[in-house]
Amino acid sequence: MRTLIFLLRKEFKQIFRDKAILAIIFVMPSVQLIVMPLAANYEVKKINLAVVDNDKSTYTQKLISQITSSGYFRLQSYNASYDQAYEAIKSDNADLILEIPQRFERNLVRENKEKIFIAVNAINGTKANLGGAYLSTIISNFNNDIRMKLTVGSRFSQAPTIEIVSSNWFNVHMNYRLFFVPGILALLVTLVGSFLTALNIVREKEVGTIEQINVTPIKKHYFILGKLIPFWVLANVIFTIGLLLGRLVYGIIPAGNIGLLYLFVGVYLLAALGFGLLISTFAETQQQAMLIMFFFMMVFILMGGLFTPIESMPQWAQIITKFNPVRYFIEVMRMVILKGSTLRDVASQFVAVIVFAVILNSWAILNYKKTN
């Protein structure tokens, strides 16, 4: 135990001597956690709309006004012909074209039907789908208002109606930041902890101090623990700062037990830091370690469920995500913070990260070649 204490003292002194590492550990995650949720927005707004109004009636003016006042669309151009509007799409000045035919109001009043043409710039598939859906919903609501005004009904409506009453569970105001911030925090803790751990042993290889340690009677598992524990502690500090920023900046108060979060984070970090240590036993230079970690982190981020729901991925991709520890961390963060999930609810995620921690750390210890 004394050997481990001396190693931990040496590691903490080495970390706090390097001001750049301190900035990476404390400043960078804080800035990213504040900036990224504000900049990265799941909502699609400011969709540029090009209108071709061939009718120029009262109804068309009301429809255009209702569309632009929704907050989702911005009237980019009011064109005399479809060709002019199409040029706006080709030059990326417009995302959608709304063409209203001649005699729109007359046919709607006399014949109770009319067609409207919508052309969508589908280069950005997500923006195209949502923009087309928003526009279709607004036009449908406008149509219902017109029908209510034009229909001469009796005292009782002959058409049956269904009244829908909905409630939003776990995120009453549908604030995307409540969903986004826990995932960002999980990602930042993983990035900082695993990257710094991966570079730690490699840096000692480059400066030559690893050879001095190799000729000492220090056991391999003590050496690995000495490298792992300091960054485990610092990653927990980062996690605490992230929770405080989430509360102060975004008003996010965990609905579940905070102790459960720390319990899971403690186990998860053993897996994440163990992965960083494993990479460092293979790499000979910091550049190699960085490139290897960058490869794996890109996979972990894109297939972790932060930006894309895992359920919408292909079946083969869903199978791959089961070997992604970041996935389980993001799931637990959202479940505990938003839904107030208990230990029983996240038991499967606990088992998964425990397996990851045992395998990765055991592999790192076995792969570290120490010569006496």
Side-chain angles (χ1 to χ4, degrees), residues 168-172 177-194 197 224-225 228-229 231-244 246-247 252-278 296-297 299-365:
N168 301 320
W169 284 80
F170 312 124
N171 190 357
V172 178
R177 293 191 180 102
L178 296 181
F179 178 78
F180 197 52
V181 171
I184 289 289
L185 178 56
L187 185 60
L188 291 176
V189 171
T190 305
L191 284 171
V192 174
S194 58
T197 310
I224 295 297
L225 286 174
L228 186 145
I229 293 176
F231 292 106
W232 184 90
V233 173
L234 293 174
N236 273 282
V237 173
I238 295 171
F239 181 71
T240 302
I241 295 174
L243 289 180
L244 292 174
R247 180 161 188 167
I252 299 176
I253 301 176
N257 191 330
I258 296 181
L260 177 60
L261 279 177
Y262 276 98
L263 178 61
F264 184 86
V265 169
V267 178
Y268 170 80
L269 285 174
L270 293 177
L273 302 183
F275 179 73
L277 286 173
L278 178 62
F296 281 104
M297 280 301 161
V299 177
F300 289 165
I301 293 170
L302 296 177
M303 302 189 71
L306 177 61
F307 302 106
T308 305
I310 293 175
E311 295 77 12
S312 64
M313 296 180 184
Q315 188 63 36
W316 60 267
Q318 294 185 34
I319 295 174
I320 294 176
T321 61
K322 293 181 180 180
F323 300 94
N324 181 2
V326 177
R327 165 197 175 164
Y328 302 103
F329 193 12
I330 293 175
E331 286 179 353
V332 171
M333 287 287 289
R334 288 170 173 169
M335 290 172 67
V336 176
I337 291 178
L338 296 179
K339 298 173 63 176
S341 298
T342 62
L343 180 60
R344 178 180 297 180
D345 299 320
V346 299
S348 61
Q349 287 86 350
F350 255 107
V351 172
V353 295
I354 289 173
V355 172
F356 278 118
V358 172
I359 293 176
L360 293 172
N361 284 282
S362 300
W363 193 355
I365 293 173

Original post:
For F170, does the CZ atom have more than 12 heavy-atom neighbours from other residues, nucleotides or ligands under 6.0 Å away?
Top reply: yes
Residue pairs involving [range] (criterion side-chain hydrogen bond (donor to acceptor under 3.5 Å, both in side chains); sequence neighbours excluded):
range	value
residues 342-362	E331-Q349, T342-D345
residues 183-192	T190-Y268
residues 310-324	T321-R327

Original post:
Can any side-chain N or O of R334 pair as donor or acceptor with the backbone N or O of P182 at less than 3.5 Å?
Top reply: no
Original post:
Taking all non-hydrogen atoms of both residues, which atom of S194 and which atom of A272 are closest, and how far apart?
Top reply: CB-O, 3.6 Å
**OP:** Give the minimum heavy-atom separation between A357 and V267, together with the two atoms involved.
**Re:** CB-O, 4.2 Å
**OP:** Run the numbers on N171 and L338 for side-chain contact (heavy atoms from CB on, under 4.5 Å), then give the verdict.
**Re:** CA-CA 7 Å; N171 190 357; L338 296 179; 5.6 Å; no
Suppose we screen for ring-ring contact (aromatic ring centres under 6.0 Å, His included). Which residues come up paired with [X], at least two apart in sequence or across chains?
X	answer
Y328	none
F296	F275
F350	F264
Y262	F239

From [atom1] ([X]) to [atom2] ([Y]), nearest 0.5 Å:
X	Y	atom1	atom2	answer
L278	L360	CG	CG	6.5 Å
L269	L234	CG	CG	10.5 Å
F179	I337	CZ	CD1	12.0 Å
F300	I330	CZ	CD1	11.5 Å

Are the side chains of [Y] and [X] in contact, using a 4.5 Å heavy-atom criterion?
X	Y	value
I301	V326	no
L243	L185	yes
I238	L188	no

**OP:** With side-chain contact (heavy atoms from CB on, under 4.5 Å) as the test, would you mind laying out the steps for L270 and L228 before giving the verdict?
**Re:** CA-CA 8 Å; L270 293 177; L228 186 145; 3.7 Å; yes
**OP:** Decide side-chain contact (heavy atoms from CB on, under 4.5 Å) for F329 and L187; before the verdict, give the C-alpha distance in whole Å, the side-chain angles of both, and the deciding distance to 0.1 Å.
**Re:** CA-CA 9 Å; F329 193 12; L187 185 60; over 6 Å; no
Subject >> For V299, side chain to side chain contact (heavy atoms under 4.5 Å, CB included) partners two or more places apart >> reply: M303
Original post:
How would you list, by chain and number, every residue that makes a side chain to side chain contact (heavy atoms under 4.5 Å, CB included) with A255, sequence neighbours excluded?
Top reply: none
